[in-house]
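In what follows, a single structure is set out as structure tokens and then discussed.
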Amino acid sequence: ANLAKSDFLSSMSHELRTPLNAILGFAQLLANSRKAPLNERQQRQVQQIEKSGHHLLGLINEVLDLAKIEAGRLQLSLEPLSIGSLIKDASDTLAGIAENAGINLTAEPPEPDVAVVADYTRTKQVLLNLMSNAIKYNREAGCVKLYVTQIDSRVRVTVSDTGLGIPDKHKAELFEPFQRLAAEHSAIEGTGIGLAITRELVEHMQGTIGVESTPGEGSD
């Protein structure tokens, strides 16, 4: 039954993405039309279509990723990668979002650089998930710091934030699917899938993931 559910989610996610990509494509055509330019009010409305469409596409992609993992269809290309390049790429991607949120984002690539055996796209996805959550669930004018430490032959990448922290009783639930630890009652958008996918990706690349947190101070 669980495998059938994963197959269903995988198929449905593909089916949902096709019409959604068409909606986004036509919204972009409307926004960029030179023959029939939109007025200011119409531009705002089309921008809202695009914003909501991209948000929905992100949710669909998360469900699709989870379904692939549960159905055993996750494909990885493991090769030696520069952890410094990965960190710079991920931090550059989120720099604008952090600035708009009023969060101070700092990333410290290791010196000298270190190579890790991983899938570049999926490792970047892990970093983006962790950093996005650190930004999203932070306090006003908070900080997010990403840094690397080497322990014997392994590398630890830490994403540290100054958010509200996580009580001990909720830590075990953090990486479970659809768990938002009461954040579903807040104005912060999310599905509770991202960290579950993050854990699966890390473990499929022979890594481990965990959390240390002090309520009122933040999390690592």
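Other cluster members for Ile151: none, since no ILVMFWY side-chain heavy atom sits under 4.5 Å from it. Hydrophobic cluster membership for Val46: Leu30, Leu38 (Ile, Leu, Val, Met, Phe, Trp, Tyr linked by side-chain heavy atoms under 4.5 Å, directly or transitively). Hydrophobic cluster membership of Leu164, counting Ile, Leu, Val, Met, Phe, Trp and Tyr whose side-chain heavy atoms lie under 4.5 Å apart directly or via other members: none, as it forms a cluster of its own.
Taking every heavy atom of both residues into account, Leu74 and Arg122 meet most closely at CD1-NH2, 3.6 Å. For the pair Ala118 and Met205, the tightest heavy-atom approach, listed with the atom from each and the gap, is CB-SD, 3.9 Å. Gly53 approaches Leu20 most closely through the heavy-atom pair O-CD2, 3.7 Å. The shortest heavy-atom contact between Gly163 and Arg139 is O-NH2, 3.2 Å. Across Ala98 and Ile135, no two heavy atoms sit closer than the pair CB-CD1, 3.8 Å.
Checking side-chain atoms of Arg17 against main-chain N and O of Asn61 turns up no donor-acceptor pair under 3.5 Å. No donor-acceptor pair closer than 3.5 Å links the side chain of Ser160 to the backbone N or O of Lys145. The main-chain N or O of Gly25 is never found under 3.5 Å from a side-chain atom of Gln28 such that the two would form a donor-acceptor pair.
Note that CG of Leu64 and CG of Leu59 are 12.5 Å apart. Values are rounded to the nearest 0.5 Å. Separating the OG1 atom in Thr106 from the CG atom in Leu146 is a distance of 8.0 Å, to the nearest 0.5 Å. Once rounded to the nearest 0.5 Å, the distance linking NZ of Lys136 with CG of Asn138 reads 12.5 Å.
Every side-chain contact (heavy atoms from CB on, under 4.5 Å) that Val114 has, sequence neighbours left out, goes to Ile83, Pro110, Gln150, Val155. In this structure, the salt bridge (Lys or Arg N to Asp or Glu O under 4.0 Å) partners of Asp168, at least two apart in sequence or on a different chain, are Lys171. Scored by the side-chain contact (heavy atoms from CB on, under 4.5 Å) test, Ser52 finds Gln48 as partners (sequence neighbours excluded).
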Name each donor-acceptor pair under 3.5 Å that joins a side chain in residues 210-219 to protein atoms two or more places apart or in another chain, with its distance.
{"unit_1": "Ser213", "atom_1": "OG", "unit_2": "Ile166", "atom_2": "N", "d": "2.7"}
{"unit_1": "Ser213", "atom_1": "OG", "unit_2": "Gly218", "atom_2": "O", "d": "3.1"}
{"unit_1": "Ser213", "atom_1": "OG", "unit_2": "Ser219", "atom_2": "OG", "d": "2.7"}

Sequence neighbours excluded and cut-off under 3.5 Å, please list the side-chain donor-acceptor pairs for residues 88-97, or say none.
{"unit_1": "Lys88", "atom_1": "NZ", "unit_2": "Asp92", "atom_2": "OD2", "d": "2.8"}
{"unit_1": "Asp89", "atom_1": "OD1", "unit_2": "Lys124", "atom_2": "NZ", "d": "3.2"}
{"unit_1": "Asp89", "atom_1": "OD2", "unit_2": "Tyr120", "atom_2": "OH", "d": "3.1"}
{"unit_1": "Ser91", "atom_1": "OG", "unit_2": "Ile87", "atom_2": "O", "d": "2.8"}
{"unit_1": "Ser91", "atom_1": "OG", "unit_2": "Lys88", "atom_2": "O", "d": "3.1"}
{"unit_1": "Thr93", "atom_1": "OG1", "unit_2": "Asp89", "atom_2": "O", "d": "2.8"}

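Enclosure of atom CD in Glu99 is not indicated, since only 12 or fewer non-hydrogen atoms of other residues, nucleotides or ligands lie within 6.0 angstrom.
Contacts classified as salt bridge (charged side-chain N to carboxylate O under 4.0 Å, His left out) and involving residues 22-45 (residues at least two apart or in different chains) are given here: Glu40-Arg44. For the salt bridge (charged side-chain N to carboxylate O under 4.0 Å, His left out) condition, no pair includes a residue of residues 151-163, sequence neighbours left out. The list of salt bridge (charged side-chain N to carboxylate O under 4.0 Å, His left out) pairs with a residue in residues 194-204, not counting sequence neighbours, reads Glu176-Arg199. Applying the side chain to side chain donor-acceptor pair (under 3.5 Å) test to residues at least two apart or on different chains, the pairs with a partner in residues 108-119 are Ser82-Asp113.
Hydrophobic clustering of Ile, Leu, Val, Met, Phe, Trp and Tyr side chains at less than 4.5 Å, counting indirect connections, keeps Ile49 apart from Phe26. Cluster annotation: Val157 is connected to Leu76 through the hydrophobic network of ILVMFWY side chains, with a link wherever side-chain heavy atoms come within less than 4.5 Å. Residues Tyr147 and Leu130 are members of separate hydrophobic clusters, defined by side-chain heavy-atom contacts under 4.5 angstrom among Ile, Leu, Val, Met, Phe, Trp and Tyr. The hydrophobic cluster containing Val202 also contains Leu78, counting ILVMFWY residues as joined when their side-chain heavy atoms lie under 4.5 angstrom apart, directly or transitively. A continuous path of ILVMFWY side-chain contacts below 4.5 Å connects Ile193 to Leu128, so both sit in one hydrophobic cluster.
Exactly one of Asp65, Asn129, Asn133 qualifies for a side chain to side chain donor-acceptor pair (under 3.5 Å) with Thr198. That residue is Asn129.
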